[in-house]
Amino acid sequence: MIKHFFITLAVLIIGILFLGAMIIFVIPNIQESAYILPAVSTAQADSIPVGTEKEKLEQEIADLQAELDKYTPTDAFFVVNTSSNHFYLYVKNELSREGICSTGKNERLVIDSTKREYVFYTPAGVRTVKSKGKNPVWAKPDWAFIEDGLPVPPKGDPSRFEAGSLGAYKLVLGDGYMIHGTLYKRFMGQNVTHGCIRLLDDDLEAVYKALEIGSKVYIF
Amino acid sequence: MSEQLTENEDSFPVKKHTGFKIWITFIIALILIPLGVYSYFIIDSVRNYTNTVKAQAEGQSTVNPELFRLMKDKSWLESRVKMAASDSVGLAIDLENQTIQLELQGVVVMKSKIRDYLVSGFFRQMEGNVYFNTFGTPMTILSLQSSIDKNRFKVVQAPKSAEEADAMSAKKDSVSKQDVYWTVMLDRNIELNIQGIDSIKDAQSKYKFGQDFSSKRKIKNILSSLRNMADLKKPDYIPEILISIPESEAKSILYALPQKPMITIRI
C-alpha cells in the first residue's frame with residue numbers, strides 16, 4: 001500500500017515536472033518550428049520581370065536617402081548622451097572629437113515651507129547655440145543658495161556673481177541651459193549638474209571653436 | 001467451495017494491482033491529454049495568426065527576391081523619414097546589418113552594434129506584402145517593462161541650514177550593479193526584448209536575462225499556459241525579437257526613449 005502510494009506520488013511529481021518542462025522548453029520550440037509555421041507568403045516569383053521595376057525602386061531609394069540626409073546638419077553639430085555622460089562633436093558629418101561630460105542630476109529639490117520645487121535635469125531634444133562668450137561670470141540663481149542652505153540674497157546682490165566657476169567659455173542653449181567648463185573635474189562623467197553640460201577645458205575650447213551661433217545640439 | 005475461495009483469494013491481489021495500474025494510467029492521461037490538446041491549440045494559434053496577417057496585408061504577395069531586397073531598403077528608409085518628422089527620439093533596428101540606433105529628427109545620435117539576436121520563426125517566413133504591412137511604417141510602444149526604473153528622478157528636500165547642506169553632500173548614493181533588460185509590446189503585436197550584455201558568450205545564449213526577470217517570465221508562461229489549458233482556450237501567438245547589445249548602450253537607449261517612441265525595424 002505504502003509502495004503504491006510512493007509510486008503514485010512519484011508519477012505525479014514526474015508528471016508535473018514533465019508538464020512544466022514541456023511548457024517552458026518544448027512547446028515554444030514546437031511553436032517556432034518551420035514545420036508548423038506556414039509560409040506567410042508562398043512567393044515563388046523568380047519569373048516575374050525585374051527590369052523597369054528595379055530601376056524605379058533604385059531611384060526611389062536614392063530619393064529617400066537624399067531626403068533623410070537633409071536632416072543631418074552639414075556644419076558642426078554636437079551630440080550629448082545624458083545617460084553615459086559622453087559628448088560627440090561632428091564637423092562636416094565626421095566625428096571630430098568625443099569625450100566625457102557631466103549632465104543634469106535628475107533631481108527635484110523641494111522646499112518644505114513653500115512647497116516650491118526646482119527640477120535639475122538636462123532636457124532631451126534638439127537645441128541651437130543661441131550665443132557664445134569667453135570668461136563667463138555665473139549669476140547664481142535662487143536655487144544655488146537654497147541648495148546650500150543659505151539665505152537667498154536680493155537680485156543684483158554681489159554675492160550672486162561668481163567668476164571662474166564656469167571655465168573659459170560658455171555656449172548658451174536657451175532656457176538657462178549652457179555648455180560650459182567646471183572647477184569640479186572629479187565629477188566628470190557623472191550626472192551632477194543642475195541641467196547644464198559641463199566639459200573639460202580642452203574639450204570646451206574645441207567645442208567653442210567648432211560650434212557657431214545656430215549650430216545644433218542634440219541631447220538624449 | 002474451497003475452489004471458490006482460492007479463486008477469490010487469487011483474484012483479490014490481481015484486482016488491487018489492476019486498480020493501481022488504472023490509477024497511474026489516469027494520472028498520466030491527466031497530464032498527457034491536456035498537453036496534447038494544448039500543443040494542438042498552440043500550433044493552431046500560430047496558423048491562425050499567420051493567416052490573419054496574410055489576410056490583412058494588401059498588395060502583391062509574390063515578389064521577385066531581387067525586388068524584394070530593394071523594397072525592404074525602400075521600406076526601411078521610408079519608415080525612417082516618417083520617424084524623422086517627429087520631435088522625439090526614435091529607435092531604428094536593422095537586423096540585416098546588426099545595428100541599433102537612436103535617431104533624433106533624422107540624425108543618428110547613437111549607433112550600437114548588435115551582439116546577437118533571435119527572431120521568431122514568423123519573421124523568417126515572411127515575404128512580400130506581409131513584410132511591408134508589418135514594417136512599412138514606424139511602430140509605437142504599447143507597454144514597457146524594464147529591470148531598471150526608467151524614471152531617473154529623485155526627490156530631495158531642501159536643507160534648512162548650511163550644516164544640513166554639508167551633511168547631505170557628504171552622503172553618497174551607493175551604485176549597485178543591476179542587470180539591464182527591457183521588453184516592449186509593439187502596436188503590431190510584436191514583443192521586442194532588449195538585453196544589455198557585455199560578454200559575447202552571454203549574448204549568444206537565449207534569454208540571458210537577469211535571474212529575477214527570467215524566473216518571472218517562466219512563471220508567467222506556466223501560469224498562462226495552465227490557465228489556457230483549464231479554460232480550453234487557444235493561447236495567443238506573439239512573435240518575438242530578442243536583441244543583445246552592450247549594457248551601457250541598452251541603458252542609454254532605455255533612458256532616451258520617450259513614453260511613446262517610434263520604432264522602425266528591418267529584418
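What you see is a predicted model, and the numbers here were worked out from it, not measured in a lab. Numbers restart at 1 for each chain; the letters A, B, ... are given by sequence-line order, proteins then strands.
Atom CH2 of residue B/Trp23 and atom CD1 of residue A/Ile7 lie 14.0 Å apart, to the nearest 0.5 angstrom. Note that NZ of B/Lys72 is 13.5 Å distant from CG of A/Leu57, once rounded to the nearest 0.5 Å. Of the inter-residue distances, the one linking A/His4 atom NE2 with B/Lys21 atom NZ reads 10.0 Å to the nearest 0.5 angstrom. Atom CZ of A/Phe220 sits about 8.5 Å away from atom CD1 of B/Ile253, to the nearest 0.5 Å. Rounded to the nearest 0.5 angstrom, A/Glu53 CD and B/Met71 CE are separated by 7.0 Å. Atoms CZ and CD, from B/Arg80 and A/Glu67 in turn, are 12.0 Å apart once rounded to the nearest 0.5 Å.
Note: A/Leu109 leads A/Ile219, A/Leu109, A/Asn191 in heavy-atom pairs under 4.5 Å with chain B. By number of non-hydrogen pairs under 4.5 angstrom with chain A, the leading residue of B/Leu102, B/Val89, B/Leu32, B/Leu35 is B/Leu35. Ranked by heavy-atom pairs shorter than 4.5 Å toward chain B, the options A/Ile146, A/Val79, A/Ile111, A/Val126 are led by A/Val126.
Neither the backbone nor the side chain of B/Ser88 comes within contact range of chain A; no heavy atoms are under 4.5 Å apart. Proximity to chain B (any heavy atom under 4.5 Å) is restricted, for A/Val119, to the side chain, taken from C-beta onward. At a 4.5 Å heavy-atom cutoff, the contact between B/Glu78 and chain A is made by backbone and side-chain atoms alike. When heavy atoms are compared at a cutoff of 4.5 Å, B/Tyr49 does not approach chain A at all. Contacts of A/Phe18 with chain B are made by side-chain atoms alone, with heavy-atom separations under 4.5 Å and no backbone atom involved. With a threshold of 4.5 angstrom between heavy atoms, A/Lys70 does not approach chain B through any atom at all. In this structure, the portion of B/Tyr255 lying under 4.5 Å from any heavy atom of chain A is its side chain and not its backbone. When heavy atoms are compared at a cutoff of 4.5 Å, B/Ile27 approaches chain A solely by way of its side chain, counted from C-beta outward. Contact annotation for A/Glu107: both backbone and side-chain heavy atoms come within less than 4.5 Å of a heavy atom of chain B. If you measure heavy-atom distances from A/Ile14 to chain B, you find no contacts under 4.5 Å at all.
Remark: B/Lys251 NZ is loosely packed, at most 12 non-hydrogen atoms of other residues, nucleotides or ligands lying under 6.0 Å away. Around NZ of A/Lys185, the count of heavy atoms belonging to other residues, nucleotides or ligands within 6.0 Å exceeds 12. Within a 6.0 Å radius of OH in A/Tyr184, no more than 12 heavy atoms belonging to other residues, nucleotides or ligands are found. Within a 6.0 Å radius of NZ in A/Lys56, other residues, nucleotides and ligands contribute 12 heavy atoms or fewer. Atom CZ of A/Phe161 sits in a crowded spot, with more than 12 heavy atoms from other residues, nucleotides or ligands closer than 6.0 Å.
Between A/Leu64 and B/Val81, the shortest heavy-atom contact is O-CG2, 4.0 Å. For the residue pair B/Leu104 and A/Gly125, the shortest heavy atom distance occurs at CD2-O, 3.6 Å. Considering all non-hydrogen atoms of both residues, B/Arg152 and A/Ser83 come closest at NH1-CA, 3.7 Å. Looking at every heavy atom in both residues, A/Gly149 comes nearest to B/Ala165 through N-CB, 4.0 Å. Contact record, B/Ile24 with A/Thr8: CD1-CA, 3.8 Å, taken as the closest heavy-atom pair. B/Ala162 approaches A/Leu150 most closely through the heavy-atom pair CB-CD2, 4.1 Å.
Inter-residue side-chain proximity for A/Tyr90 and B/Val107 is flagged as unmet; no heavy-atom pair is nearer than 4.5 Å. The shortest distance between side-chain heavy atoms of A/Asn106 and B/Lys154 does not fall below 4.5 Å.
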